[in-house]
Every structure is written in C-alpha cells, then in structure tokens.
Amino acid sequence: MLLSPAVMAEKMLGFYRDHGRKDLPWQQNTTPYRVWLSEIMLQQTQVKTVIPYYLKFTQHFPDITSLANADLDDVLNLWQGLGYYARARNLYKCAQIIRAEFNGEFPGDIEQLETLPGIGRSTAGAILSFSMNQSAPILDGNVKRILARVFMVEGWTGAGKTLNQLWQISEQYTPEENTAEFNQAMMDLGASLCSRSKPQCEICPLNKHCQAFIHNLVEDFPNKKPAKKLPVKEQTFLLITQNDQIYLQKQPPAGIWGGLWSLPGAEGSSPKQNIITRFKHSFTHFHLYLTIAMDEQKYLVSDKALSQWHNLSDLERIALPTPIRKFLFKHFQLEN
DNA sequence: TAGTCGTGGGT
DNA sequence: TACCCAAGACT
C-alpha cells in the first residue's frame, strides 16, 4: 500500500504511545542544553553506554554556563572512555560560543544551530524537535535503516547520493505536529523491531507499507558498506616511572586521542629487551598493536615539550585513552 | 568523495 | 577470531 505522510505519522505516533521510550534521563526536565548534550554523546554511541556518562556529566555541569566556565581538562576527564574526543572539545567550544554570542541561550533556528561546532543537520533537528517544539527532520542510524527498508533506497547510507535521498524522504514524512513524538518513535522503532539483524517485521506497524518486507528483502536493506581491509599500525609506548610518579605526554588537540594524556611514544624501532606487554586495540579505521616497554631514561620520548610527571595517585582523575588506562590500572593494581 | 575520529557489543 | 556498526560531524 502506498504510504502517505499522514498514515506514517499515525502509525508512528501509535507506536510511540504504546511502546516508545519515555524514561531516558534526557527526556526528563527537558531543556535545549540537556537534549544537546545527550545528542552529542549519542553520536555513534549506544544509549546504554551513554546513560552513566550523561548522569555524571549533568551532575557536574547542570547547565551551559557551568560548562562554559569549566576547564577543558575537566570536560575531557568526564568524557574519558566514551570515545570520539573531538565531540568533547567541540562541546566545550560550543558552550563558550553560546555564552559569548548567543547570550547563553541556544538559537532556535536550524541555520544558526548548524554553524555551531559538533552540531550537524541531524543533531540540530533533534534539538529543535525535542526541546523547542519545532518541526524538523532527523536522520540518525535508526531513521536511515527504517527509511531504507520502507522505501527500498538503494546504496550504502553513507554515500552522498543515498544520504540526499534519505534526507528528502525524512523531510517529506516528518509531520508538522507532534514532531518530538514522531522522531522519538522512529528511533525507538529502529532500536527495537527494525533492528539491523533479526528484525521483527511480523509485529512492525509499518510492515504493510514496507517495500523491503513486501519483497522479502529486509536483510538486504540498508545496503552494506563496501568492505575494506583495515590497515594495521604499530606503536611503542614507554613506561617511565620515578618513585610514585609516571611520565605522561599530552596528545595534540587534533588527531587520535586529542587532548588526552597518554604514555609517551618511542622514536624509531622498539627496544627489544625490556618489553612489558603487547596487545591489540582496534579502532573503526585501523588496528593498533601496542607495545609497552620499560624505560628509566627519557631519551626515546618523542615530544618532551608536551610531557610531564604525574603522581600515580592522580591517574584516576586524568583523561587517558582506554587501552592505556586499562594497562596502567592493571600494571599498578589500581582500583578502577 | 573518502578519511578521520573510540569504544563496546552483537554475530 | 574477525567483522560490522551504533541517536554523526568534520576535513
């Protein structure tokens, strides 16, 4: 059956009423700040992972002013372990822009929101619809998956052409009224029945209108990303200690683990004699083999300007990359 | 357009 | 084990 926007909205709002999530932390005491923070944390990150970070973060920084007045290191410390640290740096930058240029209040139109660092079209749409009672489309992974199936949109959803088609459909089907409930329903449906694997099409409210289901091709949509073999990288890290102190190196703002403290990297080939351990850590776009080597000297440290001593007892209050933190806490038998 | 940017969970 | 990818944005 042809699916009109009105029928789509009716189905989705019914699903929201019966099965939608209404108890998430950012759905309580809704403000633009709280919605914005949740949306940034939720980028490429599952709800279950975000919740404890969100609760901790809002406790420390209940509003945008307290965040704008903080130190970046405190923000990164609360973010450590969540990944994609550019999000935290942009979050901080955004808070300061809103304080300086928007009188401490989030702008209420899509164009201005999208100029802010870390806020793209989908995040802007979520802020407008969830916290400002405006009609604006979103296009996160859940919505992409639903639309790609219902309308059998060909192509990997990351490709520009496919993305444009999906945005156009999302615009067309996002209702003027009850947009918050509709958008939430789309994400809830995508996170439950319309899951990536083993979707429960038999009980889906859209199944009579879903082209992929009708053609028995649900497993083929959305089309998979073209597979590429990930490069493998090698890096030696130096464990340099003196009494109860450890030598750490601040990562430059851009690049992997930007702004975090890490073990200093060795220059040249790795020392063979005093290797402590070696393990693998995988990222989205490469595999990293980490070698941790003991070194009483500091001769091999690559960038001494950004390095300094820290007390071992302060490690839990320092933002560290997850694999480095895991190694250090195990090595020194610290409580996490 | 294609890479970059983390970590954890599912299969 | 290896691969995919999740409430994306930026370069």
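Proteins get letters first, then strands, A, B, ... in listed order; numbering begins at 1 in each.
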State whether the distance check finds a donor on one side and an acceptor on the other, under 3.5 Å, for side chain A/Thr45 versus base C/dG8.
-> no
Classify the nucleic acid contact of A/Ile119 as base, sugar-phosphate or nothing, counting any heavy atom under 4.0 Å across all strands shown.
-> sugar-phosphate
Closest listed nucleotide, where the reference is the side chain of A/His285 and the choices are B/dT7, B/dT11, B/dT4 | B/dT4
B/dT7 phosphate, OP1 or OP2: any side-chain N/O from A/His281 under 4.0 angstrom?
-> yes
Here the distance between atom P of B/dG3 and atom NZ of A/Lys229, to the nearest Å, is 16 Å
Residue whose closest nucleotide on DNA chain C lies nearer the 5' end, A/Pro226 versus A/Arg87 | A/Pro226
Give the rounded distance in Å between these two atoms: CG of A/Leu288 and P of B/dC5.
-> 12 Å
Testing B/dC5, C/dC5, C/dG8 for proximity to the side chain of A/Gln44, the answer is C/dG8
Could you tell me whether the phosphate oxygens of B/dT7, OP1 or OP2, come under 4.0 Å of any side-chain nitrogen or oxygen in A/Trp257?
-> yes
Measure the distance from CD on A/Glu219 to P on C/dC4 and round it to the nearest whole Å.
-> 16 Å
For B/dG3, does OP1 or OP2 lie under 4.0 Å from any side-chain N or O of A/Lys228?
-> yes
Decide, yes or no, whether a salt bridge links A/Arg278 with A/Glu234 under the criterion of side-chain N to carboxylate O below 4.0 Å.
-> yes
Taking B/dT7, B/dC5, C/dA9 as options, the one with an atom nearest any side-chain atom of A/Ile256 is B/dC5
Please state how far atom CD in A/Gln80 lies from atom C1' in B/dC5, giving the value in whole angstrom units.
-> 18 Å
Looking only at N and O atoms, is any donor in the side chain of A/Thr284 or the base of B/dG6 less than 3.5 Å from an acceptor on the other one?
-> yes
Rounded off to whole Å, could you give me the CZ-to-P distance for the A/Arg196 and B/dT11 pair?
-> 8 Å
OP1 or OP2 of B/dG8 sitting under 4.0 Å from any side-chain N/O of A/Thr49?
-> no
Other residues, nucleotides, ligands: >12 heavy atoms within 6.0 Å of A/Glu114 CD = yes
Please state whether the phosphate of C/dA7, meaning OP1 or OP2, lies under 4.0 angstrom from any side-chain nitrogen or oxygen of A/Lys48.
-> no
Nearest-nucleotide pick for A/Ser197, side chain only, options being C/dC5, B/dC5, B/dT11 | B/dT11
Interatomic distance at P, C/dC4 relative to B/dG3, whole Å = 15 Å
Please report, rounded to the nearest Å, how far the P atom of C/dA7 is from the CG atom of A/Leu166.
-> 15 Å
With a non-hydrogen cut-off below 4.0 angstrom, is A/Leu91 in contact with a base, only sugar-phosphate, or nothing?
-> nothing
Looking at A/Tyr16, does the NZ or CZ of A/Lys11 lie under 6.0 angstrom from its six-membered ring centre and within 45 degrees of the ring axis?
-> no
Out of C/dA7, B/dT7, C/dC4, which has the shortest distance to the side chain of A/Asp140?
-> C/dA7
Could you give the distance separating C/dA7 and B/dC5 at their P atoms, to the nearest angstrom?
-> 23 Å
Side-chain N or O of A/Thr123 less than 4.0 angstrom from OP1 or OP2 on C/dA9?
-> yes
Taking only N and O in the side chain of A/Tyr84, is any of them less than 4.0 Å away from OP1 or OP2 of B/dT4?
-> no
Closest listed nucleotide, where the reference is the side chain of A/His287 and the choices are C/dG8, B/dT7, C/dC3 = C/dC3
A/Trp26 has a side chain; which of C/dC10, C/dA7, C/dC5 sits nearest to it?
-> C/dA7
Which sits closer to the 5' end of DNA chain B, A/Gly160 or A/Phe283, going by the nucleotide each is nearest to?
-> A/Gly160
Using the P atoms only, state how far C/dT11 lies from B/dG6, rounded to an integer number of Å.
-> 14 Å
Give A/Ala227 one of three labels, base, sugar-phosphate or nothing, depending on what nucleic acid heavy atoms sit under 4.0 Å from its own.
-> sugar-phosphate
Can the ring centres of A/Trp36 and A/Phe106 be said to be less than 6.0 Å apart?
-> yes
How are the rings of A/Phe57 and A/Trp79 set relative to one another: parallel (under 30°), tilted (30 to 60°) or perpendicular (over 60°)?
-> perpendicular
Answer with base, sugar-phosphate or nothing: what part of the nucleic acid does A/Gly190 contact at a heavy-atom distance below 4.0 Å?
-> nothing
Between A/His281 and A/Phe283, how do the two ring planes meet: parallel, tilted or perpendicular, split at 30° and 60°?
-> perpendicular
SB check A/Glu171 A/Arg121 (cutoff 4.0 Å) | yes
Is the distance between the ring centroids of A/Tyr54 and A/Trp26 under 6.0 Å?
-> yes
Base C/dA6 to side chain A/Arg145, donor-acceptor N/O within 3.5 Å cut-off = no
Name the closest nucleotide to the A/Gln43 side chain, picking from C/dA9, C/dA6, C/dA7.
-> C/dA9
Give the rounded distance in Å between these two atoms: NZ of A/Lys233 and P of B/dG6.
-> 12 Å
Using atom CG of A/Leu42 as one end and atom P of B/dG8 as the other, report the distance to the nearest whole Å.
-> 16 Å
Which part of the nucleic acid does A/Gly81 contact within heavy-atom distance under 4.0 Å: base, sugar-phosphate only, or nothing?
-> sugar-phosphate
